[in-house]
Amino acid sequence: MNKHVLHLVLARLVIALITLVIVSFTVFAATVLLPGDVVEILLGQAATPEAVAGLRAAMHLDDPAIWRFLQWFAGIFTGDFGISYANNMPVADLIGPRLLNSLKLAGITTVFSVPIALTLGITAAMWRGSWFDRTVTVLSIGVVSVPEFMVATSAVLVFAVYLKWLPALSFANEIHSFGQMLRVYAMPVITLSFVISAQMIRMTRAAVIETLNTPYVEMALLKGASRSRLVLKHALPNAIGPIVNAVALSLSYLLGGVIIVETIFNYPGVAKLMVDAVSTRDLPLIQTCAMLFCIVYLFLITTADIIAIVSNPRLK
Amino acid sequence: MANLVEIRDLKVEATSDAGRVIEIIRGVSFDIAEGEIVALIGESGSGKTTIALTLMGYARNGCRISGGSVSLDGRDMVRLSERERAAIRGTEVSYVPQSAAAAFNPAQTIMDQVVEITRIHDLMPRADAEQRAVSLFKALNLPNPQSIGSRYPHQVSGGQLQRLSAAMALIADPKLVIFDEPTTALDVTTQIEVLRAFKSVMKKGGMSGVYVSHDLAVVAQIADRIIVLKGGEIQEVGATEQILTAPQHDYTRELLSAFTPKQHARPQAPTAAARKPPLLDVLDISAGYGPIQADGLPLMRALKSVSFRLEEGRNLGVIGESGCGKSTLARVIAGILPQVKGDVIFDGRQLARSAAHRQKEELRKLQMVFQFADTALNPSKSIGDILSRPLSFYHGMGRRQQESRVCELLDMVRLPRAVRHRRASELSGGQKQRVNLARALAAEPKLILCDEITSALDTVVAAAILDLLKELQRELGLSYMFISHDLSTVQAICDEVIVMYNGEKVEEMATGLEEGPGHPYSRLLFSSVPKLDTRWLDSLELDPELVSAFARR
């Protein structure tokens with residue numbers, strides 16, 4: 001890696017950090033602006049004004065908003081996410097196990113869907129216009145058009161209710177063997193894969209086809225190269241940038257966007273935790289969850305950009 | 001001599017986006033003997049590249065070989081299976097592309113791509129292939145033959161890439177090499193080197209060749225026989241000498257006459273006493289791109305203290321190779337790129353540096369026509385709308401007035417009036433350039449800056465545009481500043497020429513005096529322009545010191 005590439009990568013990281021600060025400010029501001037006073041919600045409608053004022057002072061809610069923001073922001077960096085209003089536990093303790101669950105689900109889905117999606121996308125591009133290509137296109141469009149709750153509930157109906165092959169609910173902590181794990185994760189993973197694969201397949205196919213239309217691929221064809229050599233040696237290395245970006249965008253969905261899937265399968269992940277936090281007005285928890293989603297998203301997008309920069313041959 | 005290639009009644013069909021099937025090659029037959037170089041010559045759309053590619057059994061997307069046979073060394077490329085064709089491609093027939101810059105994969109080193117044919121067909125160990133590649137690099141006169149292979153395509157110049165692409169084609173000792181306009185994208189001083197390298201390697205290897213080009217003078221240097229094509233049909237076949245000196249077919253004569261520059265009949269230069277103040281006076285201009293440095297000049301200096309003047313009713317040619325700053329000069333005068341130093345005085349007034357600060361009247365009198373006619377026209381507007389815009393902007397004309405003026409403008413540029421209802425995509429390249437010209441004329445300017453306006457056009461079409469420019473000048477008393485890399489175009493229309501090199505004006509002279517002594521770079525530039533003479537390249541002697549000093553190889 002030369003100096004120029006290093007410079008570009010560092011610049012990208014700095015941009016990611018700046019974005020993070022802006023995002024955290026936005027998250028904080030948005031939760032502060034939410035209607036309703038936290039203290040009044042906590043104490044209920046019968047609260048005396050003295051009690052409200054006392055609790056306010058105890059919770060430092062009378063401090064200027066910017067000061068509270070700075071404190072909260074500093075807390076994030078030191079691992080102190082605050083105390084949950086609803087059950088008085090540190091937010092970190094609440095989120096920790098849930099995050100682990102979510103990452104497990106996301107990880108398994110990634111390992112399962114990315115290779116399949118890329119292979120389908122690349123092979124569809126290789127045999128563009130063939131029956132195989134058309135089938136893949138129709139199926140991926142079909143799958144992306146069916147809403148995920150439909151996929152999820154149909155899966156539950158077929159595999160859990162009629163066939164009784166799989167449990168309808170996924171309790172991630174009851175796993176003791178590999179077979180059990182398969183049974184527990186099968187339905188949520190398949191549902192999520194359906195949702196995220198379609199975009200990856202279509203973007204990969206488009207990126208590969210675009211490079212297949214370049215003069216240098218035609219040149220390789222006129223050198224006598226086979227179809228697989230054209231795609232794997234000439235087209236694919238030049239299509240990495242757009243492909244990783246499509247993958248990153250799809251994967252970013254796996255942490256924040258899986259609310260419906262987690263709810264339907266009653267899977268104890270972060271998204272479900274956030275939904276619960278919203279219904280109890282648990283501001284620190286909401287803020288932390290929102291920040292978490294933003295950080296994962298930023299991480300994925302930044303990684304994709306850096307891979308695109310490093311893989312660009314013109315920067316070598 | 002036996003025939004290596006026998007093409008019989010070849011037909012190729014193309015399917016348009018609308019699904020219509022058009023026959024683009026209509027029954028072409030010809031032979032190529034062993035060791036012979038045959039040129040396919042014609043304008044764009046004549047089918048010359050399509051025919052050349054059928055020799056590899058290949059038709060581009062949307063095209064299909066629909067009939068006839070292409071026999072290469074006894075095998076019919078049309079009837080072979082794709083696998084059999086792939087085995088022949090690269091080993092027996094190979095291809096040198098038009099734009100080497102686009103034909104090299106940016107993600108691989110040059111060596112990987114040059115020896116790829118030997119890897120695909122498993123011809124020899126990699127080390128042997130690399131050795132062979134290095135000896136080809138030497139034969140093709142490439143600098144640093146030992147190490148150039150380890151670079152990436154974007155790290156070497158265009159002329160070098162073009163020669164590297166020839167090495168790529170020659171690595172497996174093919175019987176037939178197809179050259180697809182391999183020097184069209186190069187500067188003239190670079191073109192000579194590349195042509196010489198091709199010629200000597202082909203002669204040494206005794207290979208047959210197909211040379212596709214639109215440039216008769218280039219073809220004259222390298223081909224034994226010329227096939228003239230138009231609209232997918234052969235017009236004339238003959239030995240190179242015969243085609244050049246005694247063409248039989250009308251179309252060949254037209255091509256030849258479009259090539260021969262018609263010297264501009266210059267009005268006598270006015271005597272010093274009768275001189276009016278100049279229409280355009282450019283004083284000591286410096287401009288460039290990138291951040292401004294401590295000395296007040298930009299990082300990339302595209303123009304270095306350029307001055308010249310242009311009198312009313314006269315034409316100035318600006319000539320130079322790519323990157324010499326000639327287009328930047330036009331952009332500065334038009335106010336698109338504000339200069340950092342120097343003044344532009346036009347029609348007696350000093351112009352603001354940026355077009356945004358110039359008055360409407362100043363903008364009106366100074367118009368520009370761009371090189372790529374299609375990108376300069378809004379694809380979603382009708383030609384009538386495009387021409388009406390300057391009419392309402394500069395002259396505040398109403399609807400009805402605009403309509404009649406648009407018709408007048410179309411008459412002026414010799415386009416049918418019905419064109420005003422069409423869109424740019426429905427017009428040919430020459431027609432689009434006429435519309436561009438009409439748009440400039442709509443402002444009723446005094447000076448038109450023409451930036452390579454004929455470079456993207458075929459010779460016959462370009463010659464017609466030049467004639468039109470002259471006619472308009474007679475009728476309207478315009479002046480042109482005519483930027484081009486092509487000496488003969490400039491000679492055809494200009495009174496004076498300035499030669500630019502590396503951002504500087506190296507010489508200023510009247511046209512017709514190019515043969516005389518002058519700046520060494522101008523001498524090199526003018527002597528590098530190919531002539532319609534088969535002996536030109538072999539007899540040309542360039543001062544090697546001059547070449548190494550100025551030619552960017």
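Chain identifiers are assigned alphabetically (A, B, ...) following the order of the sequence lines, protein sequences preceding nucleic acid strands; residue numbering begins at 1 within each chain. Treat the numbers as computed from the prediction; the structure is a model and nothing was measured.
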Around atom [atom1] of [X], are there more than 12 heavy atoms from other residues, nucleotides or ligands closer than 6.0 Å?
X	atom1	result
A/Phe194	CZ	no
A/Phe25	CZ	no
B/Tyr289	OH	yes
A/Glu210	CD	no

Can you say whether [X] sits under 4.5 Å from chain A via the side chain, the backbone, both, or neither, judging by heavy atoms?
X	result
B/Ala102	both
B/Phe104	backbone
B/Leu53	side chain

For this session: Using side-chain hydrogen bond (donor to acceptor under 3.5 Å, both in side chains) as the criterion, point out the one residue from A/Thr211, A/Thr214, A/Asn238 that pairs with B/Asn105.
Result: A/Asn238
Problem set entry | Test log, rule side chain to side chain contact (heavy atoms under 4.5 Å, CB included), inputs A/Asn213 and B/Asn61 | CA-CA 9 Å; A/Asn213 284 335; B/Asn61 240 342; 4.0 Å; yes
Exercise. Does a donor on one side chain sit under 3.5 Å from an acceptor on the other, for B/Gln113 and A/His234?
Worked result: no
Seminar exercise, completed: Against chain B, residues from residues 217-231 of chain A with at least one heavy atom under 4.5 Å, in numeric order, are A/Glu218, A/Met219, A/Leu221, A/Leu222, A/Lys223, A/Gly224, A/Ala225, A/Arg229
For this session: Mind listing the closest non-hydrogen atom pair of B/Ala103 and A/Tyr216 along with its distance?
Result: O-CB, 3.4 Å
